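What follows is a single structure, written as structure tokens, with notes after it.
Values in this document were obtained by computation on a predicted structure and should not be read as measured data. Letters go in sequence order (proteins before strands), and every chain restarts at 1. Only heavy atoms go into these numbers, but all of them, side chains included; no hydrogens, no water, no symmetry mates.
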Number of protein chains: 2
Amino acid sequence: MNSLDCIFRPHSIAVIGASSRRQTIGREILHNLIDYEFNGKIFPVNPKAGVIHSIKAYSTILDVPDAVDMAIIAVPKHSVAEVAEQCGEKGVKGLVVISAGFREVGGEGIKLEEELLRVVKKHGMRMVGPNCFGVVNTDPDIRLNGTFGKARPKPGNISFISQSGALGEAILNFADQLTLGFSMFCSIGNKADISSNDLLSYWEHDDKTKIVLAYLENFGNPVKFTKIAREVTRLKPVIAVKSGRTTQGARAASSHTGSLAGADVGADALFAQCGVMRTTSTEELYDVAMALNTQPVPKGNRVVIVSNAGGPGILATDALVSLGMDVAPLPEKIKKEIHSFLSPEVSLHNPIDLVAGARGKEFGLALEAVSKGDYYDTVIPIFVQPITIDEIDVAQAIIDAKKKTDKPFLCCFMGVGFRSRGMDMLMQNGIPVYIFPEAIAKALKTIDGYRQYLQRKETKTPTFKVDKTRVEKIVARYVASNEGSIVGQDAVDILTAYGIPAATYIIASSPADAALAAEKAGYPVVMKLNTPQILHKTEAKAVRVDIRSEKELRAQYNDLKKHVGTLKKGEEFSVAIQEMVPKGVETVIGMTYDPAFGPLIMFGLGGIYVEIMKDVSFKIPPITRDRVDDMIKELKSYPLLTGFRGTDKVDLEILKEALLRVSQLVTDFDQFAEIDINPFIVSGNKKNCKAVDARFILKKNETK
Amino acid sequence: MNSLDCIFRPHSIAVIGASSRRQTIGREILHNLIDYEFNGKIFPVNPKAGVIHSIKAYSTILDVPDAVDMAIIAVPKHSVAEVAEQCGEKGVKGLVVISAGFREVGGEGIKLEEELLRVVKKHGMRMVGPNCFGVVNTDPDIRLNGTFGKARPKPGNISFISQSGALGEAILNFADQLTLGFSMFCSIGNKADISSNDLLSYWEHDDKTKIVLAYLENFGNPVKFTKIAREVTRLKPVIAVKSGRTTQGARAASSHTGSLAGADVGADALFAQCGVMRTTSTEELYDVAMALNTQPVPKGNRVVIVSNAGGPGILATDALVSLGMDVAPLPEKIKKEIHSFLSPEVSLHNPIDLVAGARGKEFGLALEAVSKGDYYDTVIPIFVQPITIDEIDVAQAIIDAKKKTDKPFLCCFMGVGFRSRGMDMLMQNGIPVYIFPEAIAKALKTIDGYRQYLQRKETKTPTFKVDKTRVEKIVARYVASNEGSIVGQDAVDILTAYGIPAATYIIASSPADAALAAEKAGYPVVMKLNTPQILHKTEAKAVRVDIRSEKELRAQYNDLKKHVGTLKKGEEFSVAIQEMVPKGVETVIGMTYDPAFGPLIMFGLGGIYVEIMKDVSFKIPPITRDRVDDMIKELKSYPLLTGFRGTDKVDLEILKEALLRVSQLVTDFDQFAEIDINPFIVSGNKKNCKAVDARFILKKNETK
């Protein structure tokens with residue numbers, strides 16, 4: 001059972017570590033519970049017992065005569081496990097551990113946390129924390145404020161996960177000023193037991209929760225997060241700020257893919273693949289939440305602006321257009337309608353400038369006109385107060401116009417400061433108001449990404465018939481021999497086993513063997529020095545291409561041997577003979593294992609595009625056919641695949657299938673740290689689309 | 001004389017169109033002047049005379065018995081010129097014309113404005129407006145509030161130009177809430193006479209003005225703006241929001257350069273070249289202004305964060321690092337110092353997390369420790385209020401720590417809402433406080449651009465000896481014959497005249513002529529069909545390369561003739577013979593004329609880099625040697641010029657000189673709408689760095 005009712009819907013709460021001393025956490029928690037009028041029994045627990053905050057206190061929870069559903073623990077770290085044990089004995093179902101000094105401080109703290117978790121599991125309890133700021137449920141039947149901050153969250157439809165207590169409190173406080181109401185709040189702290197995944201699942205089925213906000217620093221289980229978030233975002237918007245870069249530089253960037261996967265690529269890919277709106281700042285988190293708290297997701301990206309001043313209208317347009325939103329001209333029909341009540345002198349564009357004399361009446365008529373029909377998806381009224389105009393009159397007109405349409409209204413009142421009577425009136429009537437027009441544009445852009453996610457078709461991940469056993473054997477062999485990197489013949493074998501087309505690759509250590517190999521591969525062939533040490537073989541002049549006959553082959557063999565000179569001790573001179581794949585577009589298919597997100601699949605065009613232009617796209621496997629489409633089309637260099645200046649359109653199907661097969665490979669095998677298939681040559685001729693070189697790097701712990 | 005004292009430092013003001021009727025502009029202006037206690041005489045003027053707002057009024061300004069320095073005009077548009085004429089007769093020196101209905105409405109309005117300007121010029125007056133919101137000078141000797149809004153700007157060191165009245169008022173109002181004080185304010189309206197350039201020059205020498213803010217929609221004279229802004233930004237920061245895109249699509253994008261110059265490229269290039277900080281939103285305008293209003297420009301980009309909470313510290317770090325700022329680890333020396341007073345349990349990184357228990361004392365000691373020595377350039381204290389900590393205590397500690405250092409402090413108080421006592425205290429003590437840590441990061445990044453501008457060396461624009469007459473003749477010939485596009489021989493001639501190396505180009509209309517030409521150019525040669533109609537000659541298979549002998553040349557000539565088939569009536573078959581420039585890196589040098597900004601010089605790498613990757617850089621000529629350096633290094637594909645994977649490092653000097661010579665060409669000739677030198681081949685061999693093809697498109701009005 002995943003229900004977290006034991007935390008969020010208790011009938012009785014023990015506050016262990018309750019205190020009556022001012023400015024202590026134990027006092028604040030008790031005070032907040034009482035002040036928020038918790039709809040159940042509260043039992044303060046403190047070794048000194050007596051009376052705390054006018055309520056009878058007990059020395060230990062075991063002394064409490066009634067049943068206790070949930071306990072909030074704020075005692076010194078060394079006592080937490082013991083207190084939790086008592087809770088278990090008492091039959092408590094949920095713990096909220098405020099106490100700090102656990103995993104977050106390392107060393108002894110890690111042990112303390114493990115011990116605590118053991119106790120929790122033993123008794124079948126659930127736990128928030130340790131090292132957290134508490135929990136809130138605004139439901140009038142519950143009225144739970146189990147935090148130690150000043151915030152008194154108002155009831156509403158937002159539920160909020162915070163991985164930082166301080167930030168959680170800051171966000172609750174600020175939200176109050178924006179009249180944003182909450183359903184539940186959970187500061188997850190070290191999330192030893194209850195994680196953001198648990199909360200997402202819980203809130204998925206909570207009717208009061210219409211929006212989920214999250215401040216996250218890392219993902220415990222990204223695969224699970226993806227699965228759960230996908231389900232939740234189909235029903236309700238999830239908006240997240242994710243901070244905390246993975247330790248840059250800590251990852252050995254020995255391959256292209258590895259070095260290209262920037263610190264944040266994983267989080268971006270993850271959120272995009274499960275429809276979570278990611279904002280780049282806390283401010284934008286509010287801006288998006290404010291919009292979706294009362295307004296529906298727009299049906300498209302067409303925006304109309306109705307303003308009484310030129311400047312702010314232009315600023316909004318600039319911001320919208322630069323973010324790719326559509327600020328299309330007014331259709332004649334709307335122009336005509338607006339001209340019927342506006343001075344014909346006013347020239348009508350989008351943004352509509354009603355000029356400074358516009359009162360509520362003109363605003364109302366214009367807003368009604370643009371809301372009708374299927375011309376726009378979102379309406380942005382912008383009002384800059386002229387001294388001669390009553391803002392209440394305008395606010396009322398906006399409210400009335402909104403009542404007549406389903407389209408979202410995002411309003412801007414400029415120059416009245418942070419708050420004004422008109423803004424308050426709009427917000428009380430469920431119309432979000434912003435101080436800056438640019439903030440609306442950014443929020444809309446983020447929401448538009450969610451709209452596209454909701455509207456896109458979702459295909460299944462295909463499963464190909466592959467030779468998994470063959471790969472298992474190869475990997476096992478490398479692990480056993482403690483070799484970290486699979487190249488050459490074995491690398492080609494892995495590809496082949498998974499149905500990824502690859503150029504024939506045969507090792508030869510004599511001119512005669514080479515000739516046989518070439519015969520097998522078919523002339524023309526390529527001859528490469530067979531030494532894993534030299535990574536970029538072209539630079540080392542150890543690659544001979546377009547060898548067309550046995551004679552030429554033997555000559556090149558001898559020349560290469562001479563060119564390489566003395567080899568390291570124990571190394572034998574050998575070459576790899578490969579069929580020469582006809583020219584095409586060089587692409588790179590790769591995978592890098594991100595410690596936080598697991599495998600990330602990469603695609604890019606070869607050489608300069610990947611290495612200098614950093615024109616790559618990443619997805620988290622397993623990927624579907626549609627996501628592979630996105631992956632390819634996201635590239636700036638995509639036109640090179642569809643035929644550019646006389647080059648042929650390449651066979652995109654082969655490419656997509658190769659990516660899907662790589663996805664299957666990294667889903668089947670978690671031993672790879674990095675994969676580089678470089679180049680994977682594609683052209684218009686399906687037969688000539690092949691991997692020419694590949695490299696698999698095993699995770700360190702696999703090869704010890 | 002450029003002094004605008006007649007506008008901003010008058011001793012007596014006439015308010016023409018003054019009124020006592022509430023909610024009229026004529027009343028508000030008079031009221032504001034009185035309410036702000038203008039330090040001089042005010043004369044209301046209204047046909048009805050009598051008494052207005054307790055002051056004796058006159059029917060016309062000519063009836064005023066005293067001298068009048070400045071007049072604020074708020075009468076119907078058709079009376080403005082007449083009233084201005086009377087002002088001229090009266091000896092008024094400055095006009096502020098509030099009345100609207102001029103150029104901004106088009107048609108008759110344009111004529112009215114021209115008439116008004118004629119009157120102003122005739123009498124040697126200066127004028128702000130028409131269609132403006134008024135002017136402010138907070139100097140206690142003047143106390144001029146000649147606007148009709150609610151704002152009562154506080155004295156301070158910011159002067160502010162607004163091209164939108166509404167936005168100007170909005171910004172003044174909001175600034176007040178941020179405790180930003182102003183020196184002067186000018187709503188420039190239609191800027192028929194006084195422009196932002198005039199104001200910049202005026203404020204350059206105004207001691208009270210330490211920062212200039214500007215909201216701009218367009219530039220009347222970008223060249224003049226650049227010149228003036230360069231001088232001003234050496235002395236004081238200029239921060240601008242520029243809105244309003246040039247009409248996209250209106251520009252015929254017939255060449256690469258033209259289609260690449262996005263709508264905003266000109267404004268970006270302009271601001272960057274004169275050290276003006278451009279912000280992308282009004283909000284950021286405040287954020288930057290708030291920082292520079294009291295804090296110096298940091299000496300470098302190294303930032304240290306001192307916080308009492310993990311989350312916000314990480315958010316700040318993320319934002320700073322993603323913007324390219326340096327959040328370097330703490331040096332051991334500072335770590336040691338901080339550990340001497342902090343629990344050794346606290347692990348010290350940058351951001352420093354003092355944890356929730358930190359009081360003023362710990363904040364103060366940590367801030368002092370990080371401010372010492374030459375480790376960091378900017379200090380960011382972040383405070384999220386725990387219930388147990390007194391924010392005043394922390395604010396005081398920040399103020400005290402700041403007193404001991406010259407380094408800028410940008411503070412964040414999170415979760416206390418828009419304002420709190422601690423925030424107020426900090427701001428009153430000249431320390432900027434932000435609500436969101438990400439806002440600090442953005443502002444710092446913008447300021448860092450200004451720092452780099454100030455620190456960079458500024459070389460002169462070189463002048464090369466060129467054959468200007470030769471180009472004049474060619475251009476004149478095309479203008480006379482009404483031909484819009486100069487290609488082929490003439491294009492090469494223009495390049496050669498300006499010392500830009502170009503491959504020899506000779507026209508031939510018989511095999512014999514072709515042979516002579518090839519002899520002159522030197523084998524191997526390239527033969528191209530000589531028809532301006534076929535732009536991308538390679539695609540039309542009308543280019544024959546690497547012709548090594550006369551025999552081959554004659555054969556190719558005949559083959560090409562056959563291949564081309566029948567020509568249009570009047571067209572004669574001819575070819576161009578060109579020396580074959582050895583392989584190298586293909587670059588594109590271009591110019592596009594932007595209606596708002598004049599010529600923009602472009603540089604990029606040829607083919608795909610320019611066309612698909614859009615990897616180009618733009619500068620406004622004339623450019624200096626250092627800006628040419630920037631132009632080349634700004635490209636993502638720059639590594640291809642310095643030797644990548646075995647390719648040679650190209651001769652950058654030749655390339656830079658070519659760009660400087662193009663700059664000189666477009667400075668000398670304003671007849672070109674677009675220039676495309678494509679490719680300009682560069683390699684390691686100076687001798688082989690040459691333009692292969694060029695195209696000059698003349699402005700439409702030049703060719704009628």
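- Heavy atoms of Glu283(A) lying under 4.5 Å from chain B belong to its backbone as well as its side chain.
- In this structure, OG on Ser307(B) lies 7.5 Å from CG on Leu354(B), to the nearest 0.5 angstrom.
- No donor-acceptor pair under 3.5 Å is formed between the side chain of Lys242(A) and the backbone N or O of Tyr215(A).
- Taking chain A as the reference chain and counting heavy-atom pairs below 4.5 Å, the highest number among Leu172(B), Asn173(B), Thr280(B) is found for Asn173(B).
- Taking Thr282(A), Leu167(A), Asn308(A), Ile389(A) one by one and counting their heavy-atom pairs under 4.5 Å with chain B, the maximum is reached by Thr282(A).
- Of the two parts of Ile435(A), only the side chain, counted from C-beta on, holds a non-hydrogen atom closer than 4.5 Å to a non-hydrogen atom of chain B.
- With a 4.5 angstrom heavy-atom cutoff, Phe413(A) does not touch chain B via any of its atoms.
- In this structure, no portion of Ser162(B) lies under 4.5 Å from any heavy atom of chain A.
- Top candidate by heavy-atom pairs under 4.5 Å with chain A, chosen from Ala309(B), Pro386(B), Pro312(B), is Pro312(B).
- Here the CG atom belonging to Leu635(A) is positioned 9.5 Å from the CG atom belonging to Leu640(A), to the nearest 0.5 angstrom.
- Put simply, CG on Leu320(B) and NZ on Lys442(B) are 13.0 Å apart, with the number rounded to the nearest 0.5 Å.
- For a residue to count as touching a neighbouring chain, one of its non-hydrogen atoms must lie under 4.5 Å from one of that chain's; by this rule Gln163(A) does not touch chain B.
- In this structure, chain A has no heavy atom under 4.5 Å from any part of Glu284(B).
- At a 4.5 Å heavy-atom cutoff, Phe383(B) makes no contact with chain A through either its backbone or its side chain.
- The backbone N or O of Lys150(B) lies less than 3.5 Å from a partner atom in the side chain of Glu169(B), making a donor-acceptor pair.
- A distance of 6.5 Å separates CG in Leu315(A) from CE in Met414(A), rounded to the nearest 0.5 Å.
- One distance of note links OG of Ser187(B) with CD1 of Ile98(B); it measures 7.0 Å at 0.5 Å rounding.
- Note: Phe174(B) and Phe436(A) have perpendicular aromatic rings, judged against thresholds of 30 and 60 degrees for the angle between ring planes.
- Ranked by non-hydrogen atom pairs under 4.5 Å with chain A, the options Glu104(B), Gln385(B), Arg22(B) are led by Gln385(B).
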